Number of protein chains: 4
Amino acid sequence: MRIDPSSHVPIYLQIADEIRAAVAAGIYRAGEVLPSLRAMAVEVQVNPNTVQRAYDELEREGLIFAQRGKGLFVAETGAASAQSGAEDGVRRLFDEGIRASQAAGMTRKQIFEIFHAALANSSKLGSNRP
Amino acid sequence: MRIDPSSHVPIYLQIADEIRAAVAAGIYRAGEVLPSLRAMAVEVQVNPNTVQRAYDELEREGLIFAQRGKGLFVAETGAASAQSGAEDGVRRLFDEGIRASQAAGMTRKQIFEIFHAALANSSKLGSNRP
Amino acid sequence: MRIDPSSHVPIYLQIADEIRAAVAAGIYRAGEVLPSLRAMAVEVQVNPNTVQRAYDELEREGLIFAQRGKGLFVAETGAASAQSGAEDGVRRLFDEGIRASQAAGMTRKQIFEIFHAALANSSKLGSNRP
Amino acid sequence: MRIDPSSHVPIYLQIADEIRAAVAAGIYRAGEVLPSLRAMAVEVQVNPNTVQRAYDELEREGLIFAQRGKGLFVAETGAASAQSGAEDGVRRLFDEGIRASQAAGMTRKQIFEIFHAALANSSKLGSNRP
DNA sequence: GTGGTCTAGACCACA
DNA sequence: GTGGTCTAGACCACG
């Protein structure tokens, strides 16, 4: 779980994205409890309120649900919805990159090369950055 | 020149990015004047102060320089620096997308498919929207 | 006895309301014992502490009283006080609904129609759900 | 705009309900600016963050939309969606009241009488309580 | 001035 | 211990 505090995208959305990805990846499974607000807050070095907001977001999406005094649980439909949500996010980033590259006058070949280089480089690091 | 007011990245940076891309694409050439503050403000439907900040940003990068009373000009080294800047930006977006997709447990094949779909879709729209 | 865990009104008050209604309806009569803490906790799928608070609430109202080691009993004056209590609660909900509808600019006719529809629909379900 | 701080329903939802009702009633019209966060916070004697949360809620519903630095505006589709939202809320309150009254063993006639009394009483006060 | 995010710390309902 | 709401006050982007 890595947060970039200097990013323009709000921390609470970054956290929500990370959790969504973790559910999509099967790290948290349907019916399981998520880390508590406070635990997560400690882990990502952030105020509990900020984590709460991330959880609110996910609850609204129907990905997780809360039980007072017990904790937060992954919904039955959570994995599926997390996967499509994650795909949408990735798609949006690629779209944005492609749009930017075309605005800069790059050819499809150039765009491809950049993408390939990025993908090749990422594999070297593995899926979880050290 | 397209601005997304609902994006998390500040409008002034979006404008700077667009101008950088335009320089990289050769739409604005070395020695040429950029549209005036006000003209640009009208074009992107934004407060002149915001355009000012974008120009400040680019000037700090050395991409453009101001001549009192005449306007803003593209630096000689502008095109080259804009190109590498644009590539960096695109690369960063792709990296981010790849990272997110791997965090969600997607395989290389799946990532590829999403990218291809995005690229195919984008060519339909044409590379530069007016 | 139905509890809505997603309601904003605390569960212990929901339980107290239900018991008050049951006394008003004559399901529990003066002098009779109420279900034990644990039995009630099992029935409504809730922590015994929460039921305890509901009983505390009712005892404070004088609707029920405890006899050490024997259980909780409905007070002689219980039925009457429960009835007026229940009426007050209903009245408060209707008042609130009427206030909200008027704030939204609805006419008396519209308000009536909504109420009738709600009442008609409810009779289909039967008056006491088990 | 009246808030009940002792209510169990969160202040931010009370505020959202009030604004929704005002839009439904045509007090705020499509395209118009709403009172600013801070102004509203002063009016309802509440922290600006709490108002912000109410506005967030309404923005998510598509009732209003924000423009950075400009203010909050009623969406074109706002009035319609506010009206159906307001009706739903009223309906929910009536349902709840009917359910409670039936649980207390009241007859339809009694329920009707309570409702009529509440409605009659409310008309005396007018739609905006003094 | 506007909205948007974040922090620190409080109190509540519930297990 | 858990989640949920609220406050006070800070900083940012934008007009």
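Labels below follow one simple rule: chain letters A, B, ... track the order of the sequence lines, proteins then strands, and each chain is numbered from 1. Everything numeric in this text was worked out from a predicted model, so none of it was measured.
- Of the residues in residues 59-73 of chain D, those placing a heavy atom less than 4.0 Å from an atom of DNA chain F are D:R68, D:G69, in numerical order.
- The line from CZ of B:R53 to CG of B:L13 is 9.5 Å long, rounded to the nearest 0.5 Å.
- Using a 4.5 Å heavy-atom cutoff, the side chains of A:M40 and A:I19 are in contact.
- Ring geometry for B:F73 against B:F65 counts as parallel: the plane angle stays under 30°, on a 0 to 90° scale with 60° as the upper cut.
- One atom, CG of A:D4, and another, P of E:dC6, lie 12 Å apart when rounded to the nearest Å.
- The CG atom of D:L34 sits 13 Å away from the C1' atom of E:dT2 (whole-angstrom rounding).
- Atom CD of A:Q52 is separated from atom P of E:dT5 by 15 Å (rounded to the nearest Å).
- Comparing E:dC14, E:dT5, F:dT2 by their closest approach to the side chain of C:Y12 singles out E:dC14.
- Between D:H8 and C:P10 there is a side-chain heavy-atom pair separated by less than 4.5 Å.
- If you measure from atom CG of A:L58 to atom P of F:dG3, you get 13 Å, rounded to the nearest angstrom.
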Pair B:D95-B:R91, salt bridge (Lys or Arg N to Asp or Glu O under 4.0 Å): steps then yes or no: CA-CA 6 Å; B:D95 277 341; B:R91 173 67 184 260; 3.4 Å; yes
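- Using a 4.0 Å cut-off, no side-chain N or O of C:T50 falls inside it from OP1 or OP2 of E:dA13.
- Atom CZ of D:R60 and atom CZ of A:R60 lie 3.0 Å apart (nearest 0.5 Å).
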Bracket string, DNA chain F, 5' to 3' - pairs by Watson-Crick or G-U geometry under 3.5 Å, | interstrand: ||||||||||||||.
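- Between the CG atom of C:D56 and the P atom of E:dC14 there is a distance of 13 Å, rounded to whole Å.
- Two residues are said to be in side-chain contact when any heavy atoms from C-beta on lie closer than 4.5 Å; D:V23 and D:L63 meet this criterion.
- For the segment residues 40-49 of chain A, residues with any heavy atom less than 4.0 angstrom from an atom of DNA chain F are, sorted by number, A:N49.
- Judged by atom type and distance alone, A:R38 does not reach the base of F:dG1 through any side-chain donor-acceptor pair under 3.5 Å.
- Rounded to whole Å, the distance from CZ on A:R53 to C1' on E:dT7 is 13 Å.
- Annotation: the span from A:Y55 atom OH to A:L37 atom CG amounts to 6.5 Å, rounded to 0.5 Å.
- Side chains of B:E57 and B:Y12 form a contact here, defined as non-hydrogen atoms less than 4.5 Å apart.
- Between C:E57 atom CD and E:dA13 atom P the separation is 11 Å, expressed in whole Å.
- Annotation: of the two residues near DNA chain F, C:H8 and A:H8, the 5′-most nearest-nucleotide partner is C:H8.
- The shortest side-chain heavy-atom distance between C:I3 and C:Q45 does not fall under the 4.5 Å cut-off.
- Using a 4.0 Å heavy-atom distance criterion, A:Y55 is classed as making no nucleic acid contact.
- Between A:I11 atom CD1 and E:dT5 atom P the separation is 11 Å, expressed in whole Å.
- Atom CZ of C:R92 sits about 14.5 Å away from atom CZ of C:R99, to the nearest 0.5 Å.
- Two residues are said to be in side-chain contact when any heavy atoms from C-beta on lie closer than 4.5 Å; B:T50 and B:I15 meet this criterion.
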